[in-house]
Structure formats: C-alpha cells, structure tokens
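Below is one structure, written out as structure tokens, with a few remarks after it.
Atoms within each ligand, like the ligands themselves, are counted from 1 in listed order.
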Amino acid sequence: MKTKRILFPDQLGDHFINDHDGDTIILISKEDMWARKMHRAKAQWWLSAIWHKKEELGKRCQVLEVNTVKEFVNSFKGKASVIAPTSYRQRKAFINKHNFEKLPSRGFVLSEKDFKDWIGKRENKKSKLEDFYRFQRVFHSVLVDGKENPVGGAWNFDHENRLPPPKNVKTLDLEKPYYPKEDEIDEFARREIKRLEKEGFKFIGTDSKRVFAATEKEANKLLKNFFETRLKQFGPYEDASLIDDWHMSHSLLSAPLNIGLLDPIKVIRDAEKELKNKAPIASVEGFIRQILGWRDYIWHLYWYFGEDYSNKNNHLHAKKKLPNWLEELDNSKIKANCLSHVVKDLNERAWVHHIQRLMILGSWCMQQGINPQELVDWFDRAFIDGHPWVMAANVIGMSQYADGGKMSTKPYTSGGSYINKMSNFCSGCVYKPDVRVGSQACPFTAGYWKFIDKHKDEFKKNIRMSQSVNGLKRLKDLNQLLKEDSNTI
Ligand SMILES: Cc1cc2nc3c(=O)[nH]c(=O)nc-3n(C[C@H](O)[C@H](O)[C@H](O)COP(=O)(O)OP(=O)(O)OC[C@H]3O[C@@H](n4cnc5c(N)ncnc54)[C@H](O)[C@@H]3O)c2cc1C
Ligand code: SF4
C-alpha cells in the first residue's frame, strides 16, 4: 500500500505533493484553526482554499477534521509522509513517531539547514536582515551578474522608497487588483462556518465577498495582475496610506503565499523577468527583497529565536488587555481617523498593509502598553495572512520591541506628525497631529511622549532613542500631558 501524504492547511500548493503519487489527507486541527476566534473572512477564504484543493485532487484526497494534531498522530495507523509543519505545536506532535516520514519544510526559499550553516558561520551569531538578504541574493543567484555583483549597481534601492503619498490625490490611480470570482465552494465554506458556530466556535469581523486568491490558478492570476498593474509603482509609496486606496501598490500575495499556493522562488524568478518588461530595477529589487529577504528572514528567526521568544518576551512590561474595540474590530466609537479607518478596513477584509500594521495598530498598542502575547494571538487570528511563525519577529520583535532590541535597534513608534506626513488621515480628524494636550490632542502625539517618558531610563541608554528622551526636556506642557488620558481615541 502506498504511503499517504499528510498536508496541513498551509501546504496546499503543488510543490507540497509533486513528489508524491499516493493519497493525501488535508488535516484540519480544530485546536489550531478554530479554538481562538478567527476573522470570518479568513475562515471563509481558508476553507474555500482547502475544499478547492480537495476538489482538484478528487478521490485521492480526504479532508479530515480532528481535535488536535497530537490526537491524530497518536491514533494514526499505517505509514505516511509529512512535510515539516510550520508551528512548534504541530512539529512536537510528530516527535518519536516513526511511522511518519518527516520531510524538510517547503514554501520558503532557503532550507532550515542552510540557514543554520549561514548563521553558524557569523562570528557574533547575530542576524541582520541586510546581510541575510545579500547572502540570499548570491546563494540563489537572484539579481546578480555572473561575478556576483548586484544587477543595477546596488544591493538595495530602499533610499528611493518611503515617499509620502503624492499631494492632492485620493488614490495612486492604479487599476483595481484582480478579484477572484466566488463559486459554490465559497458558499460551502460559509455553511461550514455556520456549522462550526453551532458547535460553539466563535468568529470576529464580517465576511464580505472573498478578496484573496484561494487556488493556485487564482494566485497566479493575481501575481500576473500585480506585475501588470502595480509592480512598477511598488516601492516609492510602500509606507504611504491614502483613505480611498486600500491596496495602494501592494501585491496582496502574502495570504496565498502563506498557505502554499505560490512557490516563493518561482515568484522571485518571475519578478526578475519583469525587468525585461521595463519594470524599474528599484521596484523589482524592492519586491524581491520583501520575499527573498524579509519573508524568509522572519520564517527562519521563528525557529532560531525559539518557542519562548513569542510566548514569554515582554521587555517593556506591557500588561494591559487588548481593548474590546480591537478584539471585536469595531470602529463605531473611534474618533481618531487613522485608527478608525484601519480598524474598519481590517474588519472588512482581514488585511491592511504593512505600515498600517506597524505604525498605526502596532504603534498605538505599544504606546498604550498592550500585552505583547495578547497581540501575537490577535494578529494571528485577525489577519488573513497570520500564522504563528509570522508573529514572532514581526509582532514581538519589530512592532512591540518586546524582545528588547534583538530584532530592531529601536522601537517603531511615532507621534501624529509622521502619520500626517505619510497619509491623508489627519486632515479629516477631530484631533490635530501637532497638539499634545487638551481636547484636540492627537492620541499618537500625546501617547508617544508618555511612552518615551515612561521608559526614559531604558531609552536613554539607546543611542537611537536618546534624542527623543532629551526632547522631553523641551516640552513645557509635559506635566499636563502626563496627567491627561491619552487612551481616549
Ligand atoms: C505587526 C505586523 C504584523 C504582520 N503580520 C503579518 C502576517 O500575519 N503575515 C504576513 O505574511 N506578514 C505579516 N506582516 C508583514 C507585512 O505587513 C505583510 O506581509 C504585508 O502587509 C502583506 O501584504 P502584501 O502581500 O500586499 O505585501 P507586499 O507589500 O506586496 O510585500 C510582498 C510580500 O513580501 C512578504 N513580506 C514583506 N514583509 C514581510 C514581513 N515583515 N514578514 C513576512 N513577510 C513579509 C509578504 O509575503 C508579502 O506578500 C506583518 C507586519 C507587521 C509589522
Ligand atoms: S490627528 Fe492623530 S489621531 Fe487623527 S488621524 Fe492624525 S495621527 Fe491619527
């Protein structure tokens, strides 16, 4: 009898089964998927992807719902192969289970072994994105000439990016992204959610029409559409936000990439080819850096930093609970225009772009002292592309500085003036970005200075933060600011 291949719901692409001609089991663990309140749009899209895969594979494939992966593994009779799962919990379930052939992970560019070799050779054993990214470029021969020099004369064109949005525009005026057409499997996925609700599982957010690619075919259409309509603009406005432009020039590829519908190395090779279609090198390099650099880096750091990195780090001793409006994705009482808008978009699509995650949601939570472990849990459930491995370095490290600087050299946070410069949120807001006290005080500006004051003893030791700490001395209204409630949004 042929061995079976166990697939997790984030291993749905052909590259997870193209070496296997036996039957497959797509394993849905209730503990991993539904035990914590997932965004409805995410649940609908993910179930749609699972059942589309089942339809494609036909009789060869069984979708099996189990309580926990551990329970399934312990009771499984016979032999099967499994590709290294993407979370500690799932991997632990297979320890000492010799009837499973354990294959190395897929869905990322660099193997775990090659990452270990790379980091092992570094004298201080410290990792830095830029070094990792250059290593990746050479190791995989991406955007390098025959002599291992960077194509275009530079490794990184980031200095050409990070521009504020163009003035007096409502959108970047790019074509609408590709929207998949829903079918009967999407309706089936909705019925499944109702069934789960009857079983007592709870969901958050609204389930509007499906926006994200749920099959390999759709994901490839989205990729092509991104190359044709948004790649040339990728980069310059990466950090900008416009109220009426939810996607800007972003690719929207993280969701299909993270459930394996696209093979990242193929995406990178296809992006390289776009240079021939006159895509600027700064855009192509910028996009490739996100996938070959950032995405792979975040993945490897999850394993390198270890399980406790996400579960235990709380360097700034942040203890507050997640506010109810974030848990419920309810913007109805939020007056702060930036937060209100981002929460509304998140409620609708389970997605907002990077800078809104980092400098609006993450920054507000760090200023307010929301517990980082609550945030790891929330980002994982509320975002279409959320998975445990993505949370570690992005949420604990980059967004909350909960690791004390292992991941970034200073906390990513700002007052309202940065948000004002990089978006058009502030002009329609009841608060004023440059006001620190009183009824018009911007919660980000007031929150920023309170945050700096609270942690000044820690931050004055950090050369990149000492200027901000010194800035406190210039604030004539500091005493009043500290007395006021910057929690009001
Ligand atoms: C607090 C916080 C939480 C985040 N949570 C997630 C998450 O749950 N899942 C997730 O995939 N990304 C996450 N990110 C990274 C990034 O915000 C998203 O990958 C990106 O917004 C997805 O939209 P896109 O596909 O249009 O990306 P684009 O802007 O088009 O970028 C292209 C691709 O690069 C990859 N990428 C770029 N940066 C990162 C990164 N830091 N980590 C991982 N991949 C990256 C993604 O695969 C993305 O599709 C988070 C970032 C922060 C600051
Ligand atoms: S004024 Fe402050 S709260 Fe209002 S949109 Fe600007 S940054 Fe956000």
Side-chain angles (χ1 to χ4, degrees), residues 42 108 129 177 212 222-223 226 230-231 234-235 237-239 241 243 246-259 262 264 267-268 271 286-299 301-302 334-342 350-366 372 375-376 378-400 407-408 412 414-435 440-448 488-489:
K42 178 175 183 174
F108 298 88
L129 180 268
F212 291 90
L222 174 67
L223 180 65
F226 166 66
R230 302 192 296 291
L231 174 66
F234 191 88
Y237 303 118
E238 228 177 305
D239 284 359
S241 294
I243 294 174
W246 68 272
H247 49 78
M248 306 286 283
S249 53
H250 294 279
S251 68
L252 313 179
L253 289 168
S254 56
L257 267 169
N258 291 356
I259 59 166
L262 291 167
V267 172
I268 289 163
F287 175 67
I288 287 179
R289 179 161 17 98
Q290 303 306 310
I291 296 187
L292 185 65
W294 277 110
R295 184 173 183 274
D296 250 43
Y297 187 59
I298 298 282
W299 161 252
L301 289 183
Y302 174 68
I334 308 177
K335 287 189 279 174
N337 210 20
C338 53
L339 270 173
S340 170
H341 180 81
V342 169
W351 184 94
V352 297
H353 59 75
H354 182 75
I355 210 67
Q356 301 182 338
R357 301 183 197 202
L358 186 66
M359 295 307 281
I360 296 184
L361 294 170
S363 170
W364 187 85
C365 291
M366 179 164 61
L375 277 172
V376 161
W378 177 75
F379 269 102
D380 186 1
R381 298 181 283 119
F383 279 80
I384 194 103
D385 48 13
H387 300 264
W389 65 267
V390 208
M391 296 302 122
N394 274 316
V395 178
I396 292 292
M398 202 172 357
S399 147
Q400 299 301 302
M407 179 68 199
S408 46
Y412 277 105
S414 78
S417 57
Y418 171 80
I419 297 174
N420 190 26
K421 183 175 128 199
M422 297 304 292
S423 74
N424 60 356
F425 290 130
C426 299
S427 54
C429 185
V430 298
Y431 304 116
K432 300 277 166 272
D434 51 352
V435 176
Q440 289 193 319
C442 163
F444 281 88
T445 305
Y448 176 79
T488 312
I489 48 157

With backbone taken as N, CA, C and O and side chain as the heavy atoms from C-beta onward, which portion of [X] lies under 4.0 Å from ligand 1: side chain, backbone, both, or neither?
| X | answer |
| --- | --- |
| Asn258 | side chain |
| Met391 | side chain |
| Asp385 | both |

For [atom], find the nearest protein heavy atom and state the residue, atom name and distance (0.1 Å precision).
| atom | result |
| --- | --- |
| atom 27 (O) of ligand 1 | Ser251 OG, 4.0 Å |
| atom 21 (O) of ligand 1 | His354 N, 3.4 Å |
| atom 12 (N) of ligand 1 | Val390 CG1, 3.6 Å |
| atom 49 (O) of ligand 1 | Ser254 N, 3.0 Å |
| atom 26 (O) of ligand 1 | Leu252 N, 2.7 Å |

Does ligand 1 come near enough to [X] that some N or O of the ligand is less than 3.5 Å from an N or O of the residue?
| X | result |
| --- | --- |
| Leu257 | no |
| His387 | no |
| Ser399 | no |
| His353 | no |

Nearest 0.5 Å please: distance from the [atom1] atom of [X] over to the [atom2] atom of [Y].
| X | Y | atom1 | atom2 | value |
| --- | --- | --- | --- | --- |
| Ile288 | Ile268 | CD1 | CD1 | 6.5 Å |
| Asp434 | Cys442 | CG | SG | 9.0 Å |
| Gln400 | Phe379 | CD | CZ | 7.0 Å |

Which ligand 1 atoms are under 4.0 Å away from a heavy-atom of [X]?
| X | result |
| --- | --- |
| Ile291 | 33 (C), 34 (O) |
| Trp351 | 22 (C), 23 (O), 26 (O) |
| Trp294 | 38 (N), 39 (C) |
| Arg295 | 43 (C), 44 (N), 47 (O) |
| Gly386 | 8 (O) |
| Leu253 | 25 (O), 49 (O) |

Whether Tyr297 and Trp294 hold their rings parallel, tilted or perpendicular, with breakpoints at 30° and 60°: perpendicular
May I ask you to decide if the ring planes of Trp351 and Phe212 are parallel, tilted or perpendicular, using 30° and 60° as cut-offs? tilted
When you look at Leu253 and Leu223, which way does the side-chain contact (heavy atoms from CB on, under 4.5 Å) test go after all the steps? CA-CA 7 Å; Leu253 289 168; Leu223 180 65; 3.6 Å; yes
Checking His353, Gln290, His354 against Glu238 for side chain to side chain contact (heavy atoms under 4.5 Å, CB included), the one that qualifies is Gln290
State which residues pass salt bridge (Lys or Arg N to Asp or Glu O under 4.0 Å) with Asp296; sequence neighbours excluded, sorted by chain then number. none
Name all residues meeting the salt bridge (Lys or Arg N to Asp or Glu O under 4.0 Å) criterion together with Arg357; count only those two or more places apart in sequence or in a different chain, and write none if there are none. Asp385
Can you tell me if Trp299 contacts ligand 1 (heavy atom of the residue under 4.0 Å from the ligand)? no
Check whether any heavy atom of Phe226 sits under 4.0 Å from an atom of ligand 1. no
If you apply the rule side-chain contact (heavy atoms from CB on, under 4.5 Å), what do you find for Leu222 with Leu262, and how did you get there? CA-CA 11 Å; Leu222 174 67; Leu262 291 167; over 6 Å; no
Between [X] and [Y], which heavy-atom pair has the shortest distance, and what is it?
| X | Y | result |
| --- | --- | --- |
| Phe444 | Cys338 | CE1-SG, 3.5 Å |
| Met391 | Asp380 | SD-N, 3.6 Å |
| Ile489 | Tyr431 | C-OH, 3.4 Å |
| Asn420 | Cys426 | OD1-CB, 3.3 Å |

Derivation and outcome, side-chain contact (heavy atoms from CB on, under 4.5 Å), residues Met422 and Met359: CA-CA 10 Å; Met422 297 304 292; Met359 295 307 281; over 6 Å; no
Distance below 2.8 Å from atom 2 (Fe) of ligand 2: protein N/O/S atoms: Cys442 SG
Check each of [options] against [atom] and report the one with the nearest heavy atom.
| atom | options | value |
| --- | --- | --- |
| atom 52 (C) of ligand 1 | Gln356, His247, Arg357, Arg230 | Arg357 |
| atom 34 (O) of ligand 1 | Met366, His250, Gln290, Glu238 | Gln290 |
| atom 14 (N) of ligand 1 | Asp296, Ile396, Asn394 | Asn394 |

Going by ring pair (Phe, Tyr, Trp, His ring centres under 6.0 Å), name the residues that satisfy it together with Phe425, two or more places apart in sequence or in a different chain. His341
The test is side-chain contact (heavy atoms from CB on, under 4.5 Å); show your working for Met407 and Ile298 and say whether it passes. CA-CA 10 Å; Met407 179 68 199; Ile298 298 282; 4.0 Å; yes
